[in-house]
Number of protein chains: 2
Amino acid sequence: MSVTLKDVAALAGVSRSAVSRTFTEGASVSAKTRSKVEKAAAELGYSPNALASSLTTGRTKLIGLISNNFHNPIFLEVFDQFTRALQERGLRPLIVNLTDETEPANSVRMLRQYSVDAVIVASSTLPPSFAKAFHDAGVPVVHTFGRSATSPEVHVVGIDNVECGRMAARELLARGYRHVGYLGGPKDATSAMDRYHGFMEEVEKHPNLKVSHSFATGYSFEAGRAEMLRLLAGTPAEGYFCGDDILSIGALSALSDHGLQPGKDIGIIGLNDMEMSRWESVDLTTIHQPIKQIITASVDLVEEMLKDPERYPEARIFPCRVIERGTLRPRP
Amino acid sequence: MSVTLKDVAALAGVSRSAVSRTFTEGASVSAKTRSKVEKAAAELGYSPNALASSLTTGRTKLIGLISNNFHNPIFLEVFDQFTRALQERGLRPLIVNLTDETEPANSVRMLRQYSVDAVIVASSTLPPSFAKAFHDAGVPVVHTFGRSATSPEVHVVGIDNVECGRMAARELLARGYRHVGYLGGPKDATSAMDRYHGFMEEVEKHPNLKVSHSFATGYSFEAGRAEMLRLLAGTPAEGYFCGDDILSIGALSALSDHGLQPGKDIGIIGLNDMEMSRWESVDLTTIHQPIKQIITASVDLVEEMLKDPERYPEARIFPCRVIERGTLRPRP
DNA sequence: GACCTTGTTGCAACCGATTGCAAAATGGGT
DNA sequence: ACCCATTTTGCAATCGGTTGCAACAAGGTC
C-alpha cells in the first residue's frame with residue numbers, strides 16, 4: 001500500500017538506518033548516500049510516517065486543543081490564531097469540543113491515548129481543576145484564558161479578570177453613571193466571577209451608588225438579550241458592564257426592542273473587542289483583550305514545555321485597555 | 001514513563017496478547033483473565049496507545065479537517081457540528097487552517113504523514129482539484145460545500161449552488177424588483193460562480209429587467225460592506241442577492257450608512273441562514289442551507305468510506321429554501 | 001607505509017501495540 | 001475416566017520507524 005523506509009532503502013541500495021538518517025535533522029550521512037536516498041524517495045513518493053517515529057522518539061507534535069466555547073464568535077478568531085500559530089511551528093492541533101454531554105475525564109484519557117505532546121485548554125469558563133487533571137496525568141498543559149491565582153500548578157495565559165472588572169467600573173463612574181450594573185456570564189465561569197468581584201470591589205469604594213448585578217445563562221447573544229430584557233422589565237441601571245462582547249450585543253438588541261439608544265439612554269461596556277464590535281452598526285465601547293498576544297504566548301509556552309518538561313509553571317497576564325466607541329455617554 | 005501493555009501483563013500475570021485482547025472488541029478472552037487484566041489496568045491507570053496500535057491495524061481514527069474560511073461566522077457553527085459529529089463516532093479531527101501562505105501540497109503531505117484515515121475538505125471556495133489531490137494520494141476524501149458537477153472523483157456533500165442562484169432570482173422577481181443585482185463572493189470561489197450562473201440564467205428568462213453583478217473580494221463583512229458602498233456610490237439596483245449571509249450583513253451596514261432601509265429602500269436576500277441572521281437587529285431574509293444535515297451526511301460518508309475504500313464517489317445534495325424575514329419587500 | 005582521528009555505515013534491539021498459529025486448557029458427552 | 005470439540009492462551013513475527021554500538025572507510029600526519 002504505502003511506501004515505507006524499507007522500500008526506499010531497497011531502491012537506493014542502502015540500509016534502512018541510512019534512509020532514516022537522511023530524514024532526521026542533524027544525523028550523520030554522507031552527501032553521496034543522502035542524494036541516493038533522496039532520489040529514491042522522490043521516485044517512490046515517500047514521506048516518513050510521523051506516528052511510527054513517534055513510537056521511538058516519544059514526540060508526536062500533536063497538541064490537544066480543548067474548548068467549550070463553540071458558540072461565541074470570538075472563538076472563531078481564537079481558533080484561527082491557534083491553528084495558525086501551531087502549524088507555523090510544525091505542531092498539529094487535535095481538537096476537542098467539550099460539550100455538556102461529554103465527560104471531561106474522557107477527554108483526558110482520549111488525548112493520552114493519542115500521546116499528545118501537550119494540551120491547551122482554551123476556555124474562560126472551565127475551572128482550574130480541569131487543566132490540572134492533565135498535569136496530574138503527566139501531560140504538559142497551558143490554560144489559556146484561565147484563572148491565574150488559584151492554580152499554581154499549570155501554566156496560565158490570559159488577562160486579569162478582576163482588574164478588568166475594576167476598570168469597567170471606573171469607566172462607568174468616570175462618565176457619571178450613578179446607578180450601575182454588572183451583567184455577567186454564567187455564575188460557574190471563573191471569568192464571570194472574577195470580573196464580578198473586581199467590579200464590586202471598585203464600586204463599593206464609592207458610598208452612594210446604586211449597584212445591581214446578574215448573571216446570564218451563558219456567554220451568548222441569546223443569554224445577553226434575555227437577561228437584558230428581564231432587567232428592562234424592572235428598573236434598569238443607567239450603565240452596565242456586560243462581561244463579554246457577545247453578551248453586550250445581545251443586550252444591545254434588547255435595548256433596541258425597547259426603543260432605547262445605547263450610549264444615550266443606557267450605557268453598555270463590553271469585554272473582548274472582537275471583530276464584530278468594530279462594525280459600524282454595533283460600535284461597542286469595550287475592554288480590549290489582546291487575543292493575538294495571548295495565543296502567541298500560549299504556544300510559546302507549549303514549545304518551552306516541550307524543551308523542558310520540568311519547567312516551573314508560570315502565569316502570563318496581559319494588560320487590557322478600554323476602547324472608546326459609541327455605547328457609553330461621553331466623559332464629562 | 002507511561003504504562004504499557006507489558007506492565008499490565010506483568011502485574012496481571014498473563015501474556016501481552018491477553019491484555020491486548022481484553023481491550024479489543026470481539027476478541028477471545030475468558031471472563032477470568034479479563035477481570036484480572038481489568039483490575040491490573042485500573043490499578044496502573046493504563047490506557048492503550050492508539051498510535052502504536054494504528055501501526056498494525058492501519059487505522060488511526062484521525063480525520064483531517066481542512067478549511068480556509070476562518071473569518072466567516074458560519075464556520076463557527078460548522079466547526080462545532082463537525083467536531084461533535086466526529087467525536088460522537090470515535091473519530092478525531094486534525095485541523096488544517098489553509099491560509100494564503102500555506103502551500104496546499106504541504107497539507108496533503110502532512111496529513112499523509114499522520115496517516116489520517118480520511119480527509120474532509122470543508123470549503124465552498126476551494127476548487128475540486130484540491131480535494132482530488134487527496135484522492136490521488138490514496139486518501140479517502142469528502143468535499144463538503146464543494147462543487148458537485150465537475151468532480152466525479154470525490155464525494156461531495158452540499159447544496160446546488162446554481163439552483164440557489166435561480167431561487168434567489170425568482171424570489172426577487174416575485175416581489176416585483178425590476179432592477180436586480182448579484183453581489184457575490186470572490187470570483188475564484190466555485191460557489192460564487194455557480195450562484196452567479198444560476199442567478200443570471202433565471203433573470204435572463206425575463207426580457208426587460210435591469211441586471212448587474214459584482215464580486216466582493218472575500219466572504220466577509222468588510223468585503224460585503226465595501227462592495228455595497230461602491231455600488232451605492234453609483235446607481236444601485238432595487239434588490240440584491242448577496243451570495244452569503246456575512247456579505248449581506250456587510251451590505252446592510254453600508255445601507256445603514258446611507259440612511260437606507262433594507263426591505264423598504266433596497267432589498268437584500270442572503271444565503272446560509274446562519275445564527276446571526278436570526279438576530280432581531282439583522283432580521284435577514286435568506287436562503288437556508290441545511291448545515292447540520294450536510295455535516296451529518298459528510299461524516300456518514302466518511303464512515304462508509306472507512307468500511308469500503310472502493311466505494312463509488314457520490315454527491316449528496318440537499319435542498320434549500322427561502323426564509324422570509326425583513327430585508328425584502330413583501331410579495332404583492 | 002603505519003598510525004590515528006574523524007566521519008559513515010549497517011546490524012540488531014526496541015518503541016507499544018496486534019494477530020496467525022499451534023499448544024494448552026476447558027467442558028460436555030458417554 | 002476417556003475422548004473430542006471448542007475456547008482460551010502464549011509465542012513470535014510484524015507494523016514503520018529510531019538509535020547505540022561496533023565495524024569500517026577515508027583522510028591526514030609523521
Side-chain angles (χ1 to χ4, degrees), chain A residues 1-38 40-41 44-62 109-117 138-139, chain B residues 1-38 40-41 44-62 109-117 138-139:
Chain A
M1 160 97 168
S2 67
V3 264
T4 75
L5 255 198
K6 198 156 47 172
D7 304 326
V8 179
L11 180 61
V14 296
S15 74
R16 284 152 61 231
S17 336
V19 180
S20 171
R21 284 193 257 256
T22 51
F23 284 97
T24 46
E25 200 73 18
S28 156
V29 239
S30 67
K32 211 184 309 171
T33 50
R34 148 157 282 136
S35 75
K36 274 197 294 188
V37 169
E38 278 170 349
L44 297 174
Y46 168 77
S47 69
N49 180 328
L51 302 180
S53 68
S54 84
L55 255 192
T56 41
T57 60
R59 287 240 173 304
T60 56
K61 304 209 168 208
L62 291 172
R109 201 161 41 74
M110 193 281 273
L111 289 171
R112 285 216 310 153
Q113 289 187 338
Y114 280 84
S115 323
V116 293
D117 287 348
V139 181
Chain B
M1 163 90 166
S2 68
V3 242
T4 74
L5 209 47
K6 196 156 50 173
D7 304 326
V8 180
L11 180 61
V14 297
S15 74
R16 283 151 61 230
S17 336
V19 180
S20 171
R21 286 194 254 257
T22 53
F23 283 97
T24 45
E25 201 74 17
S28 154
V29 238
S30 67
K32 211 184 308 170
T33 48
R34 147 157 281 138
S35 76
K36 273 197 293 187
V37 168
E38 278 171 348
L44 296 174
Y46 168 77
S47 67
N49 181 329
L51 302 181
S53 67
S54 83
L55 254 191
T56 41
T57 60
R59 287 241 172 304
T60 56
K61 303 206 167 209
L62 291 172
R109 200 161 42 76
M110 194 283 272
L111 289 171
R112 286 216 310 155
Q113 289 187 338
Y114 279 83
S115 325
V116 294
D117 288 347
V139 182

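Any value given below was found using the heavy atoms of this structure, including those in side chains, with hydrogens, waters and symmetry copies removed. Letters A, B, ... mirror the listed sequences (proteins, then strands); counts begin at 1.
B:N49 places its CG atom 14 Å from the C1' atom of C:dC14, with the value rounded to the nearest Å. Atom CZ of A:F23 and atom C1' of D:dT19 are 17 Å apart (whole Å). In this structure, A:R59 places its CZ atom 12 Å from P of D:dT19, rounding to the nearest Å. Going from atom CG of A:L5 over to atom P of D:dT19 covers 12 Å, rounded to whole Å. Following rounding to the nearest Å, B:L44 (CG) and C:dG16 (C1') show an atom-to-atom distance of 15 Å. Distance NZ (A:K32) to C1' (C:dG7): 12 Å, rounded to an integer number of Å. A:D7 has its CG atom 8 Å from the P atom of D:dG16, to the nearest Å. Here the P atom of nucleotide C:dA13 and the CG atom of A:L55 are 18 Å apart, to the nearest Å.
Phosphate contact (OP1/OP2 of C:dT8, side-chain N/O of A:S28, threshold under 4.0 Å): present. When the side-chain nitrogen and oxygen atoms of B:T56 are compared with OP1 and OP2 of C:dT18, none of them lie within a distance under 4.0 Å. Not one side-chain nitrogen or oxygen of A:T57 sits closer than 4.0 Å to the OP1 or OP2 atom of C:dC15. In this model, the phosphate group of D:dT19 is not approached by any side-chain N or O of A:S20 to a distance below 4.0 Å at OP1 or OP2. OP1 or OP2 of C:dC11 has not a single side-chain nitrogen or oxygen of A:S17 nearer than 4.0 Å. An OP1 or OP2 oxygen of C:dG16 is reached within less than 4.0 angstrom by no side-chain nitrogen or oxygen of A:Y114.
One cannot find a donor-acceptor pair under 3.5 Å joining the base of D:dC15 and the side-chain atoms of B:S54. Interface remark: the A:R21 side chain does form a donor-acceptor pair with the C:dG10 base, using a distance-only criterion of under 3.5 Å. Scanning atom types as modelled, no donor and acceptor separated by under 3.5 angstrom connect the side chain of A:R16 and the base of D:dG16. The base of C:dC15 lies outside donor-acceptor range of the side chain of B:T4, with no N or O pair under 3.5 Å.
Taken to the nearest 0.5 Å, the CG atom of A:L5 stands 8.5 Å off from the CZ atom of A:F23. Atom CG of A:L55 and atom CG of A:N49 lie 9.0 Å apart (nearest 0.5 Å).
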Show the numbers, then the answer: is there a side-chain contact (heavy atoms from CB on, under 4.5 Å) between B:V8 and B:V37? CA-CA 7 Å; B:V8 180; B:V37 168; 4.2 Å; yes
Should B:R112 and B:V139 be marked as a side-chain contact (heavy atoms from CB on, under 4.5 Å) after you check the CA-CA gap, both sets of side-chain angles, and the distance that decides it? CA-CA 8 Å; B:R112 286 216 310 155; B:V139 182; 3.9 Å; yes
B:V14 and B:V19: CA distance, side-chain angles, deciding distance, side-chain contact (heavy atoms from CB on, under 4.5 Å) verdict: CA-CA 7 Å; B:V14 297; B:V19 180; 3.9 Å; yes
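Within the 4.0 angstrom heavy-atom criterion, only backbone atoms of the sugar-phosphate kind lie near B:S53; the bases stay farther away. Backbone-only engagement by B:Y46 is indicated by non-hydrogen atom pairs under 4.0 Å involving sugar-phosphate atoms exclusively. Here B:V29 lies in heavy-atom contact (under 4.0 Å) with sugar-phosphate atoms only.
With hydrogens and angles ignored, the 3.5 Å screen pairs a side-chain donor or acceptor of A:T57 with a backbone N or O of A:S53.
Toward the 5′ end of DNA chain C lies the nearest nucleotide of A:S15, the other residue of the pair B:K6 and A:S15 mapping further downstream.
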